[in-house]
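Scroll down for the structure; my scribbles are underneath it.
These numbers come from a predicted model, not from an experiment. Below, chains carry the letters A, B, ... as their sequence lines are ordered, and counting in each starts from 1.
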Number of protein chains: 2
Amino acid sequence: MGRVVVDVMPKPEILDPQGKAVASALPRLGFHGFTGMRQGKRFELEVEGPVTDEVLEQVRQAAATLLSNPVIEDVVRVAPAEDHDGATA
Amino acid sequence: MGRVVVDVMPKPEILDPQGKAVASALPRLGFHGFTGMRQGKRFELEVEGPVTDEVLEQVRQAAATLLSNPVIEDVVRVAPAEDHDGATA
């Protein structure tokens, strides 16, 4: 059983109040040297069978239509889960 | 100027209603062959200067204390942004 990861981030020109709130908390907690932070979404899809090119194409379409709002968000990554992507299933 | 990516996912034993809602929409939109889906968060932090081991260690601490709730979430990845992570700044 395969797993595909989809990463969605707010477009650069879109305000990201959630990211700004987290960023302003960093120095208060003693974390310095960060100049910006943006918060997006990460989806992990479990696939029946192996992750083929067809499956990735299906996921790309789902990412563009269901997992992201193309007016304000970019799909920055659609890829088979790697080892460092962890195991959450 | 470097960029570090932090990925946070709900723990496997935690219910993920948001992911379930998205998963149940997939077949309605014509996407089949998916057995599960979980939704987490992705943070992109802009760093002054290069991404050193010290910076990564700081980010790891921030991820564990501010970016995730360790009771219900796992930090599945802290890594310098790669090319396929896109450019959102």
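Both the backbone and the side chain of Leu45(B) come within less than 4.5 Å of a heavy atom of chain A. Only the side chain of Leu29(A) comes within less than 4.5 Å of a heavy atom of chain B; its backbone N, CA, C and O stay farther away. Interface residue Gln61(B): backbone and side-chain heavy atoms are both found under 4.5 Å from chain A.
For Arg38(A) (side chain) and Arg42(B) (main-chain N/O), no donor-acceptor pair under 3.5 Å exists by modelled atom type.
The CZ atom of Phe43(B) lies 9.0 Å from the CE atom of Met9(A); values are rounded to the nearest 0.5 Å. Atom CE of Met37(A) is separated from atom CD of Gln18(A) by 10.5 Å, given to the nearest 0.5 angstrom. Residue Ile72(A) holds its CD1 atom at 10.5 Å from CD of Glu13(A), rounded to the nearest 0.5 Å.
When each of Thr65(A), Val47(A), Val6(A), Val8(A) is checked for heavy-atom pairs under 4.5 Å with chain B, Val47(A) comes out on top.
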